[in-house]
Structures are given as C-alpha cells and as structure tokens.
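To keep things clear, I will list the structure first and then write my remarks on it.
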Amino acid sequence: MSEIKKIDLRSKDIVVERINKLRDLLPEAFREGKIDFKALKQVLGEEVDTGRERYGLTWAGKSEAIKNIQTPSVGTLVPVPGESVNFDTSENLIIEGDNLEVLKLLQKSYHGKVKLIYIDPPYNTGNEFIYPDNFREGLEDYLRYSGQKNGDGIKLTTNTETDGRFHSKWLNMMYPRLFLARNLLRKDGVIFVSIDDHEVHNLRLLMNEIFGEENFVATVIWQKVFSPKNTARLFSVDHDFIIIYARNAQIWSPNLLPRTAEMEARYNNPDNDPRGPWTSSDLCARNYYSEGTYSVTCPSGRIIAGPPKGTYWRVSKDKFKQLDADGRIFWGPEGNNMPRLKRYLSEVKEGLVPQTLWKYKDVGHTQEAKKELLSMVEFAGSDSVFNTPKPTRLVDRILRIATTSDSNDVILDFFAGTGTTGEAVLKINEQDDGNRKFILVQLPEPTKKTDYPTIVNITKERLRQAIARLKGANGKKDVTDKDTKQDRGFKVFKLTSSNFKIWDAAEASRDADELAKQLTLFADNLKTDRSQLDILYEILIKAGLPLTTKVERITAGGQHVFSVADGQLLVCLEQVIYRETLRGMLKLQPRQVICLDTAFHGQDKLKTNTVLEMKSHDIQFRTV
C-alpha cells in the first residue's frame, strides 16, 4: 500500500531543526549522521575557542532550562468561541495557558512572523508570583495546576532571596521563553522587555546570549511615578527599565515619533520667509574648529569680531556667506543681533528620533495604569491582584516605534497580565486606521476574586470593554465604517492535552499491562470529549497554519468538511468517511486533504486508491 504521510502531533523539534540547518550549511562536519566536533573545529578554524575559561553567563539549572527548550510539546490549543468576540472573523488571539508550552506550540505556525514582542515579566522582587520551578514535566504539571487533570495540586509561591537560588529560579524561567520567542520574530522584528533593578543586569546578559550583544538597541528609562515616595527607606525608586533588542540590528530601525503640538509651536514665520515656518539655533559651539574664528558684519552695519570667548562658529566663513546670501541667517528683528541659523519645519525630519528617557507626562505612570484598568473592570483590592500595571500610553509609544499602520504587523505579549498590550493595539488602530494584530498569552493565575477568579478572566473582560467603547457606549452606537473595516474582536484558545491519545512508549515498555492498555486505546486514537472544532485547530497548528486562518464549513459527498484558507486545505473529521466524500473533495481541487486515519475502518483498498488518486491530481493527502 502507498505510504500515507501522517501529521506530527508534537510541536516543532528545535534541536532537529538546528541540526538540519547545520548539516545543510556544513555537511563536511557530519560523520554517519552525527556531528563530528573534530571535523567541525577543522571547518571553522580559528573561530573555535578551546580555552577552559571564557566570558559568559551561567547559573544553577541552566542545563535543565536548555533541555526544557528541546522537549517538544504534545499539547494543543482548543478554541473557546463562547468567550471570544467575533470569533469567526477576528485575527486577534487571547491564549490561556503556561506561556512556555504555548510558545512551543506557536513555533510552526508563527515562526518568523512576529514584528514586535513586548513583555512585562515578573520582576523577581520576592513579593509576586513567579512561574513555578517544578513545571519540569511541562504540560502534565500545567494540567494539574489548572485543574484539568487529577493529582496533587501545584502551588504558586513567591521567590524570596532567603529561599536560595533566587536569581537562578528567575533565569530558569526566562531563558527558554526568550529563546523560543526569538524564533517567532521576523528578520526586521524587535523585542521590548520591561524590568527593574532586581534583574536588569541578568536580563542584559541573558539577552546578549540569546539575541547576540551586537543586536542590543537601547535601554529605556521609564519614569513610572509622578511623585517621590517619602516612605522609602533609602531612595525613592521612580523608574523602570525597558530593554530593547532587534532580531537583526543591521536590518531593524525605529520609526520616528510624531512631533507634539508644543514642538510644532516652536516654529513660526515672523519675516514671511517663503520657505515657511522656522526656528533658529545657535551658530556657536565650544568644540575647536580651525576655520571658526572670523568676524561678521550685521545688516545694520555693526561688526562682530567673532564668536564669544571660548567658542567657535560652527561653519567656515565661505559657508557662512552662502547661508546669509540664501536668507538662512537670522540677525534679530533689527538686523543687529548675533547671527543664528534658521531651521525650517519643511526641511526637518517628519518626526523625532526616539530617546531613552521616557517621562510620565508623555507615556503615563503606574497610577494612570491602575485607573485605566479599574475603569474597564471593576473589582476590589486591585493592588493585591496586579502590582505592576503598565499604562496604554507606554505601550502606544512602543507600538509607534516598532510597527506601522499600513501593514498587518503581529504583536506578541506572552506575559499579557490584564491585557494592556491588547487595548493599546486596538486604540492605535483606531487612531491611524491600522491593521495590527495581537497575540496575548496569560497563565490563569488565581486572584482569589469570585467575579474574576484568574488574571486571564480580567484580560478577556478588559478587552471586551475596550471593544465596546470603541463601538460606542455599550455597543449601542450606530455601526461606523471603522467598525466594519477594523478588527474589533479576539479569538480565545486554552492550552490543554492533545485531542489524540498520545502513545507513551516509555510506559508501555516498562509494563506489559500498560502496553496492552495502550494498544486498546489506540484502536481509536481520538478522545471522546473533544469536538470537531477542537480537533481541527490542533491539526491547523500542528500542520503549521496560523490559528487565524480562515475556516468555513462546507458539504462534500453528503458529509461535513472544513474548508481552510479559501479551499486550499480540506479537512474531513467524520468518524466514517465515504468514497463519495473523498471524490467530492477531489473535485474541489485543493492543495491538501486531511482526514482521520481511523475513518477508513481498515478499508485498505479505499485508502490505497485515495492516496494514488490524490497524488495523480497533485494533491497532498495526509491522515491524523
């Protein structure tokens, strides 16, 4: 029988992918399918450092963190239309789950597709939630923690300095997540990470290792409070940091920021210059310039012997004469002042080069952030739920620097918190008619609130309210042109175990009874409590298609079929598939067809004929 290619139900294997890239680049470094390090050293020559001591970052548990990256996920993301807004049409995503597992699952579908990553991870102050160090089993531990699987509960605790390995625990949590996040960035992508003094030094070293120190862009200082804390024991800490790295600093460049009305007001045209509004700047500088010590004559006839003592004209005498003849020198209203250079609004850059000091009056502060949240979601004790909120104006500035309105830029925030990034994306799209898309990932961290039992409940409600406000009070305003053109919605997905019964070879090999049990289970490899929609989205993400791919339900040969990406992929998930259905899908001329392997019920002849017929029409046929 012709071999049918089955879909791999695991997330992308990072190690295999990197080895394949190395094999393609340096085939001479491989012997009998394995890397020969002696040969690799010969190929690379002097670029190999064989010294015993070298500069770098290491900590307790680093090797385990690396292994965590290399372990593929066998989980899935199930859709939750009932908690979504405009599920069928929206391309925004809110994913509930452990972000390490989610990042693994996104590797195939979103590799190299994200323009901007902004994250606000735990600061490791010792007083807040830290992703638990015992998530070593990955998905299994998460399922127990989130109540999806029976077993000992996993408690989330604070990470205090007295516990030991204070910094190591934080690094073990951050390393694999940042590593996987880098894979998702476009070549012209960039990542912004909020942090404070507790881990800023370690974060820099960590990101140097993952992104390359040559791709460091800047460290921004954000003034997060508007008044000093008089209760501080030593200093009132008024700022946080935002660390910025490009995927490739040779390719990425920041957008200019818009000028404010105050900046525009500095330009005027008191002399009716035909070149329009202008402002003046000093022609003197303290830096020595050998041609900058000459006399000038004012239009009034007054002779100025030279620039003030200790300074020099910025331009040579010949250049000065050219500028004066062109009307670019301002001598004061009476033509008798020290000369100044006229700078025209029409000739300056259309915006401002971003600076590294962000003041609260320009990008907001923490109190503003809390007020924004409480205006969307009302609950008591907000300080105990979320201690480090970010204002939407802060994220707005990041969006303006790193994204554009005229492209479908994808923004990822895998420490989404209460959803500030999502709201900021919706707001900026409203302002500039943009089409940016967001992906938010948030662990269902408990809040001890009955109305919003987890942080992700707050995230979803905040975004619902933000969408309602954009549409008008409670959505009752007449539908506008922007409402129909812009993406005012989000799809909700939740991390859970695979829809398919995953073969556990290790358990089966240790126990004959377990082997018999698994063989019985795999007679039908589908879990009984999952819907066709659940199975479809697992197929999409495991096949490398985005979760926002267009999906329609059609009929072929009398059975339901999912038409994906305008018919390029057809998926039939019926428990029994008929010859008429297979021929009906064939007539629609898709590029790929996928169905359940068990749907053939042992009809090898039908399966063989289907493989051959699909191949003859240049259609890729796979089963799952």
>> When you measure from the side chain of R302 to the backbone of N336, do you find a donor-acceptor pair of N or O atoms at a distance under 3.5 Å?
In response: yes
> Where is the tightest heavy-atom contact between A249 and E214, given as atom of each residue plus distance?
Replying inline: CB-O, 3.6 Å
> Do R247 and D188 meet the salt-bridge criterion of a basic N to acidic O distance under 4.0 Å?
Replying inline: no
> Taking all non-hydrogen atoms of both residues, which atom of W222 and which atom of K390 are closest, and how far apart?
Replying inline: CZ3-CD, 3.5 Å
>> Looking at R393 and K361, would you say the former's side chain and the latter's main chain have a donor-acceptor pair under 3.5 Å?
In response: yes
>> Which residue in the set Q442, K104, R177 passes side chain to side chain donor-acceptor pair (under 3.5 Å) when paired with N99?
In response: R177
> So, does R259 use its side chain to make a donor-acceptor pair with the main chain of E264 at under 3.5 Å?
Replying inline: no
> Is a side-chain N or O of S109 found less than 3.5 angstrom from the main chain of L545, in a donor-acceptor match?
Replying inline: yes
>> Does this structure show an ion pair linking D432 with R436, if we count only N-O contacts that are shorter than 4.0 Å?
In response: yes
> Between P299 and G335, which heavy-atom pair has the shortest distance, and what is it?
Replying inline: CD-O, 3.3 Å
> Does one side chain, of N172 or W59, offer a donor that lies under 3.5 Å from an acceptor on the other?
Replying inline: yes
> Are the side chain of W313 and the backbone of Y294 linked by a donor-acceptor contact shorter than 3.5 Å?
Replying inline: yes
> Between atom CG of L100 and atom CD1 of I69, what is the distance when rounded to the nearest 0.5 Å?
Replying inline: 8.5 Å
> Where is the tightest heavy-atom contact between L180 and Q107, given as atom of each residue plus distance?
Replying inline: O-NE2, 3.1 Å
> So how far is it from L399 CG to D409 CG, rounded to the nearest 0.5 Å?
Replying inline: 9.5 Å
>> How close do G327 and D273 get, counting heavy atoms only, and between which atoms?
In response: O-OD2, 4.0 Å
> Atom CG of L443 and atom CD1 of I95: how far apart are they, to the nearest 0.5 Å?
Replying inline: 13.0 Å
>> So, taking the atom named CD1 in I210 and the one named OH in Y175, what distance separates them when rounded to the nearest 0.5 Å?
In response: 5.5 Å
>> One pair to check against side chain to side chain donor-acceptor pair (under 3.5 Å): N429 and K427. What are the steps and the verdict?
In response: CA-CA 5 Å; N429 281 343; K427 282 183 175 180; over 6 Å; no
> Looking at D271 and K342, does any basic side-chain N land under 4.0 Å from a carboxylate oxygen?
Replying inline: yes
> Judged by modelled atom types alone, do S281 and R343 share a side-chain donor-acceptor pair under 3.5 Å?
Replying inline: yes
> Ignoring hydrogens and geometry, is there a side-chain-to-backbone donor-acceptor pair from E213 to N208 under 3.5 Å?
Replying inline: no
>> Just by distance, no angles: are the side chains of N183 and Y110 close enough, under 3.5 Å, to form a donor-acceptor pair?
In response: no
> Does the K460 side chain pair with the main chain of V456, one donor and one acceptor, at a distance under 3.5 Å?
Replying inline: no
> Is D240 reaching over with its side chain to a backbone N or O of D196, donor-acceptor style, under 3.5 angstrom?
Replying inline: no
>> For Y360 and H365, take the angle between the two ring planes, folded into 0 to 90°, and tell me which bin it lands in: parallel under 30, tilted 30 to 60, perpendicular over 60.
In response: perpendicular
>> Less than 3.5 Å apart, any donor N or O on the side chain of R462 or T420 sitting next to an acceptor on the other?
In response: yes
> Out of E368, E423, E372, which one pairs with T392 under the side chain to side chain donor-acceptor pair (under 3.5 Å) rule?
Replying inline: E372
> L352 versus L256: any side-chain heavy-atom pair under 4.5 Å?
Replying inline: no
> Any side-chain heavy atom of L206 sitting closer than 4.5 Å to one from M174?
Replying inline: yes
> Is there a side-chain contact between I119 and L178, using heavy atoms and a 4.5 Å cut-off?
Replying inline: yes
> When the aromatic ring centroids of W278 and F330 are compared, is their separation below 6.0 Å?
Replying inline: yes
> Can you find a side-chain donor-acceptor pair between S316 and D318 that sits under 3.5 Å?
Replying inline: no
> Which value, rounded to the nearest 0.5 Å, describes the distance between L426 atom CG and R469 atom CZ?
Replying inline: 12.5 Å
>> Do R204 and F216 form a cation-pi contact, if we require the NZ or CZ to be under 6.0 Å from the six-membered ring centre and within 45 degrees of the ring's axis?
In response: yes
> What do you reckon, is CD of E347 surrounded by more than 12 foreign heavy atoms closer than 6.0 Å?
Replying inline: yes
> So do the side chains of I221 and T356 get within less than 4.5 Å of each other, counting heavy atoms only?
Replying inline: no
>> Just to verify, which of R186, K115, K187 counts as forming a side-chain contact (heavy atoms from CB on, under 4.5 Å) with W252?
In response: K115
>> Please identify which of these residues, F320, Y288, Y289, meets the ring pair (Phe, Tyr, Trp, His ring centres under 6.0 Å) condition with Y312.
In response: Y288
>> Tell me whether R488 is salt-bridged to E430, with the criterion being a basic N under 4.0 Å from an acidic carboxylate O.
In response: yes
> Does D326 use its side chain to pair, donor to acceptor, with the backbone of Q322 at less than 3.5 Å?
Replying inline: no
>> For W358, does the six-membered ring have the charged nitrogen or CZ of R397 within the cation-pi criterion, i.e. under 6.0 angstrom from the centroid and within 45° of the normal?
In response: yes
Distance-only donor-acceptor pairs under 3.5 Å for side chains of residues 227-238, two or more places apart:
unit_1: S236; atom_1: OG; unit_2: K229; atom_2: N; d: 2.8
unit_1: S236; atom_1: OG; unit_2: D238; atom_2: OD1; d: 2.9

> Would D324 and R328 satisfy salt bridge (charged side-chain N to carboxylate O under 4.0 Å, His left out), going step by step from the backbone distance to the final call?
Replying inline: CA-CA 6 Å; D324 194 24; R328 292 176 178 268; over 6 Å; no
>> Less than 4.5 Å apart, side chain to side chain, heavy atoms only: is that true for Y123 and V200?
In response: no
> So, do P122 and M173 sit near enough that their side-chain heavy atoms are less than 4.5 Å apart?
Replying inline: yes
>> Just so I know, are the side chains of Y245 and F192 near enough to count as touching, which here means a heavy-atom distance under 4.5 Å?
In response: no
>> Using modelled atom types and a 3.5 Å cut-off, is there a donor and acceptor pairing between side-chain atoms of N255 and backbone atoms of T403?
In response: yes
> Minimum heavy-atom separation for S90 to T548, with atom names?
Replying inline: O-CG2, 4.3 Å
>> To the nearest 0.5 Å, what is the distance between CG on L116 and CD1 on I401?
In response: 10.0 Å
